[in-house]
Protein chains: 2
Amino acid sequence: MMDLHRLRLLREVHGRGTVHGAARALGYSPSAISQQLAVLERETGTRLLERVGRNVRLTAAGDVLVRHATTLLDGVEAAEAELAAVAAGRVAGVVRIASFQSAFIRVVAPAIRSLAATHPDIRVEAAELEVEQAAPALRLQQLDVMVGDEYDGQPRAVHADLHREHLLREQIRVILPEDHPLAAAERVPIEQLAELPWAACQPGTGHREMHVRVCRELGGFEPDIRYSSDDFLILLELVRTTGAGALLPDLVIGAGAPGVAVRLPAEGDVGRAVFLLTRRTRTPAVAAVADALAAAATDQTRS
Amino acid sequence: MMDLHRLRLLREVHGRGTVHGAARALGYSPSAISQQLAVLERETGTRLLERVGRNVRLTAAGDVLVRHATTLLDGVEAAEAELAAVAAGRVAGVVRIASFQSAFIRVVAPAIRSLAATHPDIRVEAAELEVEQAAPALRLQQLDVMVGDEYDGQPRAVHADLHREHLLREQIRVILPEDHPLAAAERVPIEQLAELPWAACQPGTGHREMHVRVCRELGGFEPDIRYSSDDFLILLELVRTTGAGALLPDLVIGAGAPGVAVRLPAEGDVGRAVFLLTRRTRTPAVAAVADALAAAATDQTRS
DNA sequence: AGCATTGTGAAGCTAAGCTGAACGGATGAT
DNA sequence: ATCATCCGTTCAGCTTAGCTTCACAATGCT
């Protein structure tokens, strides 16, 4: 197995351009460097350096090795940093979160904010990603936490090897233009919205299926879905400007949506569950992030 | 700096559960393991093991270190593998590509296929990603190659530190329902399509801007964009089923699109350039991937 | 209680890895 | 052209990291 120390020497020689420079920088004699690199070449069975004039230059193979060396040495540094933090009684590490849009804004972002205060040594990386793509990424360690959604009556695939935790449940609301006749009502009977054009997500998404199902079951009509986008904020904007209606979960609305009427359906109880997925063995950092997400979720349901 | 060898011992002790087991597995005496781990604890100033009964167990800090150790040791293995391949005269390494949808299907996928034959030691990872997000990812080494698009008259941001290479230029075509009166014509005058409903990408995208501009400049009308999706294949489907029109680049059509008419606009010359971005210093593997992409692109323009 | 087994420490030995001096090759000034 | 100089490499010699062997305390099984 290659020795990191030798790789460090190689990288230094690459960086300084000369063996003498590397020796001076690292506090060794040039001879030591030269000998160690000779050993490295013997071990790998590859020429890593070639003399050019009275200096040395890396070969293609040496270049490859230096590139790996830097990532490895960076990794060691990260390990030392995290270890030091953990030893000092703090929780540290890198945690990668994936989430769908509305939870990203209402749950993940607040959680990141609070984590910055409570766990400054946790580095959170977050990205928007679909639930279906998340399970393999979790298993491959490319991802640590997934925040997913599940509409009532449309259960997601079960992953026995992953840990699932309920975050919150939210109601689906009817979003109407402010000037719609039913906008004044406390609760809106779905069956009276048969003539309304709708904005919903693309076909094949959970939201689209939910939308169609609600209109059929509670309204007894086939919805005229005229505008489609997977971006909930665009859907909201479409209601405001085009006069279409939409069925959106609480999280999308957040504190309130100006220019539209947000109402509960008169009958039925349609909702969406938001949950998180992690691997079964959680590092302390992942556990802390999961806790922060749970706290942010309950905060969200209170307000 | 921590020594990888000691980390390997720690990982082995973690895996086997006992010092004796690790010693047997690695061909050392138990005493050697014990001493090395004692050194590791002294170096890091942290207790990594604690005795439980007559065995040892990792502390929380030890756990952290083992997790890093495995990634580091895997990294060393990857380095050795790539070095061996390079030393044998082959080009190797991991190359991450990002691309927008149509180039993904028509250019990236064929390139991956040909690379599998010509450079079996290059591991290609590919993802769909927007051009705007790609430049920072390239700089952070999270990405190696970006395939982007640029509509005529809408130049992308210039990145002086990144290398840009032209791949191909394609024409924008008018896509009409088969039963449209103008579907029979060789070339379609845009100004006669003022009454047609359109399908185009979401507002704010390059395609949407191109669409509006073409309708204004060549047609003299404001398009009635009734359907919007950023997925070109959905746009194509919308033309087939809803009777709307669309303006789509060649790559989307590919070999041909059944059920719709593909025509050139009668006047004007509207196109889209497809290019790739890499960092200025290319590894041999990245260069090989870039070449394969260029070859796939010219293949695509021929057919 | 007796015994096997585990982890740890002390003594001693081998070899890895350092220094310093000597050497061959390339460069640039005279 | 010649010589001083600088570079990388090699060799001899020394220090010490790291291994083994042996001894010992602690634990759990019978």
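Residue numbers begin at 1 in each chain, while the letters A, B, ... track the order of the sequences.
- Within a 6.0 Å sphere centred on CZ of A:R282, heavy atoms belonging to other residues, nucleotides or ligands number more than 12.
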Before giving the answer on side-chain hydrogen bond (donor to acceptor under 3.5 Å, both in side chains), spell out for B:R272 and B:S102 the whole-Å C-alpha distance, their side-chain angles and the decisive distance to 0.1 Å.
CA-CA 12 Å; B:R272 177 173 79 154; B:S102 34; 3.2 Å; yes
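- Computed from coordinates, the A:R47 CZ to D:dG8 P distance equals 14 Å when rounded to whole Å.
- Atom-to-atom, CG of B:L26 to P of D:dG18 comes out at 15 Å; the value is rounded to the nearest Å.
- Salt-bridge formation is not detected for the pair B:D161/B:R280: no Lys NZ or Arg NE/NH1/NH2 atom is positioned less than 4.0 Å from an Asp or Glu carboxylate oxygen.
- In this structure, B:L48 atom CG and C:dG7 atom P are separated by 16 Å, rounded to whole Å.
- When atom types are taken as modelled, the side chain of A:R156 and the backbone of A:D149 share a donor-acceptor pair closer than 3.5 angstrom.
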I'd like a table of atom pairs between the protein and nucleotides 11-17 of chain C - only N or O on both sides, under 3.5 Å - with the distance next to each one.
residue: C:dG17; atom: OP2; partner: A:R6; partner atom: NH1; Å: 3.1

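- For B:R139, the CZ atom sits in a packed shell: over 12 heavy atoms of surrounding residues, nucleotides or ligands are nearer than 6.0 Å.
- Contact annotation: A:H20 side-chain N/O to D:dC6 OP1/OP2 distance is not under 4.0 Å.
- One interatomic measurement links the two molecules: CZ of B:R51 to C1' of C:dT6, which rounds to 6 Å at whole-angstrom precision.
- Spacing between atom CG of B:N55 and atom P of D:dG28 amounts to 9 Å, rounded to whole angstrom units.
- Under 4.0 Å is where a charged nitrogen must lie from a carboxylate oxygen, and between A:E150 and A:R164 at least one such pair does.
- Rounded to whole Å, atom C1' of D:dC7 lies 13 Å from atom CG of A:L49.
- No engagement by B:G21 is indicated, since no non-hydrogen atom pair under 4.0 Å with the nucleic acid exists.
- One atom, CZ of B:R57, and another, P of C:dG7, lie 14 Å apart when rounded to the nearest Å.
- Here D:dT9 presents its C1' atom at 13 Å from CD1 of A:I33, a figure rounded to the nearest Å.
- Here B:G17 lies out of heavy-atom contact (under 4.0 Å) with every strand.
- The 5' end of DNA chain D is approached more closely, in terms of each residue's nearest nucleotide, by A:R54 than by the other of B:L9 and A:R54.
- Of the two residues contacting DNA chain C, namely A:G27 and B:S34, the nearest-nucleotide position lying further toward the 5' end is that of B:S34.
- In terms of position along DNA chain C, the nucleotide closest to A:S29 lies nearer the 5' end than the nucleotide closest to the other residue of the pair A:G53 and A:S29.
- Summarising the local packing, CZ of B:R169 is surrounded by more than 12 heavy atoms from other residues, nucleotides or ligands at distances under 6.0 Å.
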